[in-house]
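For the single chain, residues carry numbers from 1 onward in sequence order. Just so you know, these numbers come straight off a predicted model, no measurement behind them.
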Amino acid sequence: MTSPHDEPAAVAAPPAGEPRRRRVRPGSRRGVPLPLLVPALLGLAFLVLPLIALLIRTPWHSLPDQLTSPGVWQALRLSLVCATAATAVSLVIGVPLAWLLARVEFPGRGLVRALVTLPLVLPPVVGGVALLMALGRNGVIGRYLDSWFGITLPFTTVGVVLAEAFVAMPFLVISVEGTLRAADPRYEEAATTLGASRFTAFRRVTLPLIAPGIAAGAVLAWARALGEFGATITFAGNFPGRTQTMPLAVYLALQSDPAAAIALSLVLLVVSVAVLAGLRDRWMTAS
């Protein structure tokens, strides 16, 4: 006679002599339908083959000379400096903006969030035109910067930084806001009840909690700034040594020196792969 506690085990046990069946996980690769497999492989080939072609056509024997040539090195150095500066600008003003969107209730917050994320879907060239209308010499704000302080932003290195920050900062804001929403606000409330100001609670409690989200957003913003083309060429122009970043150098070199264009493209590809590798623990799970 079996007890009630033994019934599930008895029911679950296979009949005598019958082999135990292997459990099939939901993500099993067995029995993939052909109508799904074929377009999936076509999609994979469409995304991967151009990258493989880039690696095949890379002039490996002359790659060191290409990367150390004066023009390429200028574009590399300028891109790294401007992308880092744009990321710093995004951190200084983007993290407080993300905190405002995540922690403060105010009328029109949804509209503000939509405007903040608008550069993600806005064509970069349109973003460059908008920057010209706002910060150009005859722009809404730029005219006063020029007449009052003698500051001209378009077609300068500072203009490159602003254009890159304009298109890259939304990546940081979205990442940090998502991390803030996932963090428990009771830690901040506990700090304020102990006498800390809201800024002290943010600096001493919140920032350490959301540091991984800030790091991930900063990496994304840096990579996006490094690859920016449309807003940069529209707002800052394409002047070697002053505003010509790597994407602009690739576009220019493709017309006269394809080997240099391939070398610069390879550098951008390596950076993109490094960014994905750095974020794999955050976005990817082990199979």
Side-chain angles (χ1 to χ4, degrees), residues 27 29 32 34 36-87 120-121 123-125 160 163-164 167-168 170-172 175 215-234 236 238-241 243-287:
R29 291 184 291 270
V32 180
L34 189 62
L36 294 179
L37 180 62
V38 172
L41 293 177
L42 288 176
L44 179 63
F46 175 73
L47 295 175
V48 174
L49 284 180
L51 305 179
I52 296 176
L54 178 64
L55 295 175
I56 293 175
R57 291 300 181 91
T58 298
W60 297 103
H61 61 283
S62 62
L63 186 61
D65 295 333
Q66 292 289 344
L67 294 179
T68 55
S69 64
V72 172
W73 175 245
Q74 279 185 347
L76 282 169
R77 181 181 58 82
L78 185 65
S79 293
L80 295 175
V81 170
C82 290
T84 303
T87 305
L120 292 175
V121 296
V125 174
V160 176
E164 292 180 350
V167 299
F171 290 90
L172 175 72
S175 177
V219 172
L220 281 175
W222 187 83
R224 179 65 184 88
L226 190 69
E228 170 51 31
F229 177 84
T232 302
I233 197 172
T234 306
N238 186 14
F239 301 101
T243 65
Q244 188 182 88
T245 57
M246 280 198 290
L248 273 64
V250 170
Y251 176 76
L252 186 65
L254 194 59
Q255 305 174 27
S256 58
D257 190 359
I262 294 174
L264 281 171
S265 300
L266 183 64
V267 172
L268 291 175
L269 176 62
V270 170
V271 170
S272 300
V273 172
V275 169
L276 288 178
L279 294 177
R280 69 183 185 276
D281 292 335
R282 181 176 177 83
W283 285 351
M284 302 178 185
T285 56
S287 57

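- Within the model, atoms CG of Leu55 and CD1 of Ile262 stand 10.5 Å from one another, a figure rounded to the nearest 0.5 Å.
- The two residues Leu226 and Met246 make their nearest non-hydrogen contact at CD1-CE, 3.7 Å.
- No donor-acceptor distance shorter than 3.5 angstrom exists from the side chain of Gln74 to the backbone of Leu76, with no hydrogens or angles considered.
- Looking at residues two or more places apart in sequence or on another chain, you find a ring pair (Phe, Tyr, Trp, His ring centres under 6.0 Å) between Tyr251 and Phe229.
- Across every non-hydrogen atom of Gly230 and Thr234, the tightest pair is O-OG1, 2.8 Å.
- A donor-acceptor pair under 3.5 Å is formed between the side chain of Glu164 and the backbone N or O of Ala83.
- Put simply, the side chain of Ser272 gets close to the backbone of Leu268: a donor and an acceptor are under 3.5 Å apart.
- Contact of the Val167 side chain with the Thr232 side chain is not registered, since no non-hydrogen atoms from C-beta on lie closer than 4.5 Å.
- Shown here for Pro50 and Ala45, the closest heavy-atom pair between the two residues is CD-O, 3.9 Å.
- Nearest heavy atoms, Leu172 versus Ala221: CB-CB, 4.4 Å.
- Rounded to the nearest 0.5 angstrom, Leu269 CG and Leu264 CG are separated by 12.5 Å.
- Atom CD of Gln244 and atom CD1 of Ile233 lie 9.0 Å apart (nearest 0.5 Å).
- Of all the heavy atoms in Ala259 and Pro59, the pair that sits closest is CB-CG, 4.1 Å.
- With contacts defined as side-chain heavy-atom distances shorter than 4.5 Å, the pair Trp60/Leu266 qualifies.
- Remark: Leu47 CG to Leu42 CG distance equals 11.0 Å, nearest 0.5 Å.
- Checked by atom type and distance alone, the side chain of Trp222 never pairs as donor or acceptor with a backbone atom of Ala168 at under 3.5 Å.
- In terms of heavy atoms, Leu80 sits closest to Thr84 at O-OG1, 2.7 Å.
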